[in-house]
Amino acid sequence: MAFVNPWMLVGLVAAAVPIVLHLKRQKRAVPKRWAAFRLLMETRTVARRAAIEHWLLLLARVLIVALLVLAFARPGAYLGMLAGRGGQGKAVVVALDTSFSMGLKLNDTPKFTLAKERILSHLDRLSLDSGTAILFSDRPREPLAGFTGDVAAIRETVERATLSAGGTDGNAALRRAVALLDTRDVSERLILVYSDFHRSGWDLADLGRLDEEIRGKHLAVALVGLRGEGADDDNQAVTGLELESDIVTRGEPVSLRISFANFHGSRRQRTFSVVVDGQTRHVQRIDLEAAGAAGPGRAVARVPLTFAAEGFHSGQVSIDPDDVEVDDSRYFAVQVVPRLKVLLVDGDPQLDRSRSETFLLEKLLGAAGNVDATVVAVWDLGSAVLSLFDVVVFANVDSISPEKFSETRDFVQRGGGLVYFPGDKVYPEDFLRCFTAAGSAGPSPGSTATRTGDERLRAVPEGIFPGYPQEWSTGAELRLDARRAEFGHPVLRRFRGAELAAARFRRVLRFKELDATAVPLRHDDGSPALLERGFGAGRVLVFTSACDADGSDLLLTGSTAGLPLAAIYHASGRGQGDWLNGTVGGNVTIHLPLDRVGRSIRVFRPGRPPVTQAGRATRRGDCVAELADASEAGLYRFEVDGGPGGAVAMSFDPRESDRAPIDPSAIAAVLKNAKVSVQIEDLLDNVRPLGSDGWLVLVLAVVALLAVEGVLANKNL
């Protein structure tokens with residue numbers, strides 16, 4: 001049993017006072033014989049009755065003191081327990097919306113302040129025997145406070161809560177709350193959601209799936225709304241920033257794509273500015289259409305930027321301030337690198353260059369503007385110095401010397417990138433002999449192990465390739481499977497499903513992926529289309545189709561021609577990547593080469609103390625440091641071993657700018673397998689614990705005992 005005011009139990013010591021006084025007032029009987037002794041013997045029965053009344057008087061006085069102390073301590077037991085229904089208890093999860101829109105005022109008071117006041121007022125009516133947990137609905141991965149019956153700790157947690165620049169994720173908050181309640185062996189489970197309920201923070205279709213998941217869990221959900229006329233706020237926002245190139249080099253212009261939105265019902269004109277490294281680089285007026293039934297009015301601007309120095313740069317895009325100031329600015333970070341130097345190794349060069357294996361790839365790199373490509377025939381590879389390049393591309397290369405393969409291994413291990421395209425001259429046995437045995441990572445040439453299935457490659461995981469070829473597939477025409485593509489992967493992040501589905505593949509080399517291999521792209525028959533593996537400080541990417549026009553139209557189809565270029569950018573380790581620019585509420589993830597594993601990485605957060613941690617290796621083959629649940633918008637700078645590092649930009653969640661409301665009743669209508677109420681009183685009135693107003697029962701018991709004590713005390717006068 002938990003108590004609201006456990007310190008009051010010290011008062012139980014006072015229950016000993018009536019006992020002490022009773023014992024002190026007792027008189028010892030002195031035996032004397034006298035003439036009326038027979039008369040006293042006749043009154044023995046009366047004396048016994050008086051002794052019983054004295055003990056009852058003592059018990060009443062002790063109970064009065066004890067019950068008064070318990071009433072002030074307020075035990076968290078159920079009235080239902082007193083009625084004999086058992087004491088299984090109730091667990092409560094409070095989901096508090098800390099998204100930035102909760103900072104707007106409702107009747108001259110911020111909605112966030114009102115939400116915290118309501119939570120504190122409701123705490124007195126919640127069961128504390130199984131505990132209460134607090135989580136934030138804008139970043140619900142972990143609860144802010146685990147289950148506890150300590151009201152003071154819960155109050156402190158709520159009072160110290162602050163707003164973030166994140167957006168509401170109501171579905172994730174409910175799922176996390178359900179998962180927390182599943183850990184409690186209780187009979188009643190209650191979820192309280194305090195939010196201003198924006199449409200952008202809830203997915204009714206996904207709530208339908210959640211409703212099936214909670215079948216039979218006996219949940220009660222209260223949706224406490226704090227809503228005003230938010231849809232009428234004059235709000236415009238910078239909703240997106242994107243550098244339209246994965247590689248930014250010194251002196252080469254790059255386009256910054258800026259997205260704006262107008263959530264007001266009238267047309268608006270706003271001035272925006274672009275600041276880079278503290279200097280204003282661009283100012284422009286933009287016209288925004290009015291919001292309508294189809295959504296907010298939107299506009300896009302493209303601003304060319306050039307950077308004179310290599311290294312990390314940071315910037316900010318801002319518009320004129322309005323009613324919602326948080327979304328008037330958005331931040332970005334840029335890593336400016338030298339021009340990429342790429343070595344193309346042609347395994348089938350032709351006198352007619354247009355028929356060479358690397359012809360299309362060379363044209364693609366030449367048009368990129370930030371790549372210097374050098375082409376060598378495979379028989380001239382021995383004279384090439386790999387350390388002079390950032391990425392080496394093998395195209396239809398069937399064999400190289402053991403010495404050159406060892407040099408390639410060292411090149412990748414030191415941080416270089418390797419991209420491999422098979423071709424009609426490549427056969428699985430040649431690949432195994434030249435690219436594994438030569439690197440001391442596979443069976444010796446000619447051994448029986450090379451002809452006996454997967455056992456032949458027990459040592460291949462020690463090599464640099466993410467897999468090994470098994471056979472050529474020349475049957476049915478294949479396409480890329482957009483449904484299984486990992487669009488969050490750096491190679492695919494600028495592509496969409498329809499674009500990938502356009503390419504056709506007539507000849508594919510089937511690879512067996514190994515451990516620690518990522519397969520971000522597959523064909524529609526499930527076979528890998530692109531494999532990736534980290535090796536040392538570098539990475540290796542393998543396409544399973546050729547880069548010429550014979551086996552596929554990968555480089556002939558405009559929508560997919562950029563895939564090899566994106567792979568080369570990623571292999572270089574210099575691409576911008578999504579990690580440079582994130583959204584508040586997610587994780588700050590800093591990517592570094594594998595040689596930084598275990599080294600100290602210090603992250604400086606805006607307005608908060610720095611955090612130090614060690615870099616750790618990932619399955620994808622790089623080193624990361626993570627800072628969970630970043631709630632502040634701005635630049636997160638980092639240092640490695642006290643030396644130069646870089647910056648990551650975190651901006652507000654653009655979903656939260658769309659303040660069109662959702663009716664909590666619509667959420668309640670979807671959650672049919674839970675008892676959902678939009679009036680929290682409906683739930684709290686039905687489960688009234690002794691810890692809230694049950695203390696009145698104890699007070700009434702004290703009053704009754706006082707009456708009994710008065711009768712007994714006066715009778716003995």
Side-chain angles (χ1 to χ4, degrees), residues 2 4 76 89-99 101-102 110-164 166 168-184 186 188-197 201-202 210 214 217-227 585 629 631 664 667-668 671 674-689 691-692:
V4 178
K90 169 162 58 79
V92 182
V93 174
V94 176
L96 172 61
D97 187 351
T98 56
S99 59
S101 67
M102 289 285 285
K111 290 183 287 185
F112 191 57
T113 301
L114 294 174
K116 293 200 290 186
E117 290 175 353
R118 293 188 186 183
I119 293 174
L120 294 176
S121 68
H122 294 154
L123 282 179
D124 290 340
R125 302 176 60 186
L126 298 177
S127 167
L128 300 176
D129 59 337
S130 294
T132 299
I134 308 290
L135 61 85
F136 289 165
S137 60
D138 69 317
R139 45 190 193 279
R141 276 176 289 276
E142 293 298 331
L144 188 70
F147 284 102
T148 177
D150 188 344
V151 177
I154 297 173
R155 284 181 172 274
E156 182 181 3
T157 298
V158 174
E159 290 170 352
R160 292 176 58 186
T162 58
L163 289 172
S164 79
T168 302
D169 192 344
N171 292 48
L174 281 180
R175 272 196 167 82
R176 183 58 180 146
V178 171
L180 287 171
L181 291 173
D182 282 344
T183 65
R184 313 300 292 180
V186 293
E188 297 182 71
R189 296 175 172 86
L190 177 60
I191 301 172
L192 308 180
V193 181
Y194 297 79
S195 175
D196 50 2
F197 291 102
W202 298 86
L210 175 61
I214 64 176
K217 292 184 182 292
H218 305 292
L219 292 172
V221 181
L223 305 175
V224 185
L226 299 106
R227 297 164 58 193
D629 290 336
S631 59
I667 300 174
L671 297 176
K675 180 181 179 182
V676 184
S677 174
V678 296
Q679 297 293 331
I680 189 172
E681 303 297 331
D682 295 345
L683 292 178
L684 295 183
D685 288 342
N686 291 332
V687 282
R688 194 180 298 275
S692 57

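From a predicted model like this one, the values you see are computed outputs, not experimental measurements. In this chain, residues are counted from 1 in sequence order.
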**OP:** Could you go through the side chain to side chain contact (heavy atoms under 4.5 Å, CB included) check for Leu210 and Asn171 one step at a time?
**Re:** CA-CA 8 Å; Leu210 175 61; Asn171 292 48; over 6 Å; no
**OP:** Given side chain to side chain contact (heavy atoms under 4.5 Å, CB included), test Val178 with Ile191 step by step and report yes or no.
**Re:** CA-CA 8 Å; Val178 171; Ile191 301 172; 4.1 Å; yes
**OP:** Step by step, work out the side chain to side chain contact (heavy atoms under 4.5 Å, CB included) result for Arg176 and Val93.
**Re:** CA-CA 10 Å; Arg176 183 58 180 146; Val93 174; over 6 Å; no
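Closest of all the heavy-atom pairs between Arg155 and Leu120 is NH2-O, 3.4 Å. Across all their heavy atoms, Lys116 and Leu96 have their closest contact at CG-CD2, 4.3 Å. Of all heavy-atom pairs spanning His122 and Tyr194, the tightest one is ND1-OH, 2.8 Å. Leu223 and Pro664 get closest at one heavy-atom pair: CD1-O, 3.5 Å. The minimum heavy-atom distance linking Ala674 with Val221 is given by the pair CB-CG2, 4.2 Å. Pairing each heavy atom of Thr98 with each of Phe112, the nearest pair is CG2-CE1, 3.6 Å.
Between the CD1 atom in Ile214 and the CG atom in Leu671 there is a gap of 5.5 Å [rounded to 0.5 Å]. In this structure, the separation between OG1 on Thr113 and CG on Leu226 is 10.5 Å, given to the nearest 0.5 Å. To the nearest 0.5 Å, atom OG1 of residue Thr168 and atom CG of residue Asp196 are 6.0 Å apart.
A salt bridge does not link Asp97 to Lys111: none of the charged side-chain nitrogens sits closer than 4.0 Å to a carboxylate oxygen.
Here the side chains of Leu192 and Val92 are in contact, with some heavy-atom distance below 4.5 Å.
With hydrogens and angles ignored, the 3.5 Å screen pairs a side-chain donor or acceptor of Arg189 with a backbone N or O of Leu181.
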